[in-house]
K.L.:
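Below is one structure. I have some questions about it.
From a predicted model like this one, the values you see are computed outputs, not experimental measurements. First the proteins, then the strands, lettered A, B, ... as listed; each starts at 1. These values consider heavy atoms only, across backbone and side chains, with no hydrogens, waters or symmetry-generated copies.
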Amino acid sequence: MNKPKILVVDDERAVAFLLTRSLESAGCEVTTVDDGLEAYDLALAQRFDVILIDHLLPGLLGQEVVQRWRQAGLKTPVIIVSGVSNEEDIVRSLESGASDYVRKPFSVREIIARVKVQIRDRPQGG
Amino acid sequence: MADLAVAVLIALGGLVIISAVALFLLKGVSGARRRRIAKRRARFVDFVGELIVRGDPGSRNFRRYAADAEFGSVVLEYMRMLQGEDRQRLLTAARDMGLVDRFLKGLKSKDRAQRVAAVEALGEVADPTTVTDLVFMLRDVVPEIRVQAAAALANIGDPQSVKSLLASMEHQDEWNAQRIADALFAFGREAVPEMSRYLQSTGKYRPLIARTLGLIGDIRAEGALVQALSSADVDLRMRAAAALGRAGTPRAVPSLLELLGDPQWEVRAQAATALGRRTDRQAIPWLRRALSDQSWWVRHNAAAALVEVPGGNEALRSSLDHPDPYARDAAAAVLLSSGVAGGAVEALRSDEATDRIAAEDLISSLVRAGKSEFFLVAGLNPAYVDALRVRA
């Protein structure tokens, strides 16, 4: 069985490292980028099962990247990971096309569980 | 003369060249230092990340790195990011590595900046074993450190430290006392029993604590707040009355009703607002009487409270015929601002004749109270508004 492919987008090295190593330990194949525009191109060029993206990225907000992906027809489940946790921001992120929203501080186990849920519930052929 | 000028020019030129070289070297050294730190930090990020993922705190390297300020900063960065078991595992590792001890040592530094950094770090680490040391810092000579220590204690959330926080307030100025009250608010319900006891003491900041109890909104504070209503301290009576609006039950209502007769208008105004929040119908005649209070604030708050109490709108409507023009004005102003009058304009289009008649009655009373402009702005025909006045 192929390993699930995950794209992690975060400019904070610690967050990116922790998510990458945790997901690798959980049996995923992880690609990491630290820039919203690079992530945009990469997700359209390669197939990922789930994308984890930070909200506050340099240049382009996480939710803006998600919105562009959706406009471009990308159906990959996207989880926004954010230190901003006000209600308006969460609603806006979900409305932009994100599948889920995780607030920092987070639990690694919870993030892995959420990623697995997205893989399990992913629309076939998306 | 020309020789001298040439010599000066050569000297200046030399100086410029030396300065440029020095600047270049300094920049190079500084850049190399930054790169070294970034490299070291990246290594620490990987090490600590591995520690969290693999749950292996036994590496000797970690013990060696604990003395490095950059390493401490990386651990704190991970702590801010994590919660639950992962965070707990990192905290245990930070203790084992001697990192917590290093921060505790920083508390004893003679250097103010180091003490500030140590208190901040301990606040982020939030290790319950550091409570005693942080309580000690509430007596630091530097106000900022005292406030940071209070915030750190709130982060840890051990209710045992609430008493010390309250005791430390006595020696603070108002700004610092407010920051400590913010820390007590962050404790939430856990702090309520001790704060209620403080309210019954002679503590200097009882009004501030009464206010904070109101913000927490836990009814276990009700007894102490009710007792504070009979204090000789006007500020305390006022804050306690306001707090009972959030942290009271129907048991507080008789005391609040009595407070509508307080000699101080600020206290009466807060009592009226609190009665509105309690939404107890028995307050209606009392609030209606308060519409004739000599203070504008009390009249306004009483009218606003009547809107909140079930059945209070009827009392406000009937107050439009009150013999006291000030009471009429307070009732009319709140009926307009609370949306009741706007609702009456809408109700004019109702299919139900009774609704239309009730709406016309209210509008008629408000027009008679001098508020016709509101209805003209709302789009009612001027002739119709005049007719309502005539009807009245």
K.L.:
If you count the non-hydrogen atoms of other residues, nucleotides and ligands that lie under 6.0 Å from CZ in B:Arg95, is the total more than 12?
P.N.:
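Count over threshold, so yes.
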
K.L.:
So with a 6.0 Å cut-off around CD1 of B:Ile219, is the heavy-atom count from everything else above 12?
P.N.:
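No, CD1 of B:Ile219 has 12 or fewer neighbouring heavy atoms, counting only those of other groups under 6.0 Å.
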
K.L.:
Would you say NZ of B:Lys163 has more than 12 non-hydrogen atoms from neighbouring residues, nucleotides or ligands within 6.0 angstrom?
P.N.:
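Count not over threshold, so no.
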
K.L.:
Hey, is CZ on A:Arg21 packed in by over 12 heavy atoms from elsewhere, all under 6.0 Å?
P.N.:
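Enclosed.
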
K.L.:
A:Val108 versus B:Val53: any side-chain heavy-atom pair under 4.5 Å?
P.N.:
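No - every pair of side-chain heavy atoms lies 4.5 Å or more apart.
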
K.L.:
Please examine the side chains of A:Phe17 and B:Phe47, heavy atoms only from C-beta on, and report whether any two atoms are closer than 4.5 Å.
P.N.:
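Contact flag for B:Phe47/A:Phe17 side chains = no.
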
K.L.:
Indicate yes or no: at least one non-hydrogen side-chain atom of A:Glu12 is less than 4.5 angstrom from one of B:Glu77.
P.N.:
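Sidechains of B:Glu77 and A:Glu12: in contact.
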
K.L.:
Does atom CZ of B:Arg112 have more than 12 heavy-atom neighbours, drawn from other residues, nucleotides or ligands, at distances under 6.0 Å?
P.N.:
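Atom CZ in B:Arg112 is not crowded, with 12 or fewer foreign heavy atoms closer than 6.0 Å.
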
K.L.:
Which pair of heavy atoms, one from B:Leu82 and one from A:Pro105, lies closest together, and at what distance?
P.N.:
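Here B:Leu82 and A:Pro105 meet closest at O-CB, 3.3 Å.
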
K.L.:
Measuring heavy-atom distances to chain B, does A:Ser22 have an atom under 4.5 Å in its side chain, in its backbone, in both, or in neither?
P.N.:
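Both parts, backbone and side chain.
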
K.L.:
By a 4.5 Å heavy-atom criterion (distance strictly below it), what part of A:Phe106 contacts chain B: side chain, backbone, both, or neither?
P.N.:
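Both backbone and side chain.
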
K.L.:
Tell me whether B:Asp86 contacts the main-chain N or O of A:Ser107 through its side chain, where contact means a donor paired with an acceptor under 3.5 Å.
P.N.:
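Not confirmed, B:Asp86 side chain does not pair with A:Ser107 backbone.
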
K.L.:
Would you mind checking if B:Asp46 and A:Arg13 are paired as a salt bridge, meaning a charged N to carboxylate O distance below 4.0 Å?
P.N.:
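Counted as a salt bridge, because a side-chain N and a carboxylate O are separated by less than 4.0 Å.
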
K.L.:
Identify which part of A:Glu24 has an atom lying under 4.5 Å from any heavy atom of chain B, answering side chain, backbone, both or neither.
P.N.:
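Neither part, no heavy atoms under 4.5 Å.
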
K.L.:
Using a cut-off of 6.0 Å, state whether more than 12 heavy atoms not belonging to A:Glu87 lie near its atom CD.
P.N.:
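12 or below, so no.
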
K.L.:
Does a side-chain heavy-atom distance below 4.5 Å link B:Gln83 with A:Lys104?
P.N.:
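No, their side chains stay 4.5 Å or more apart.
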
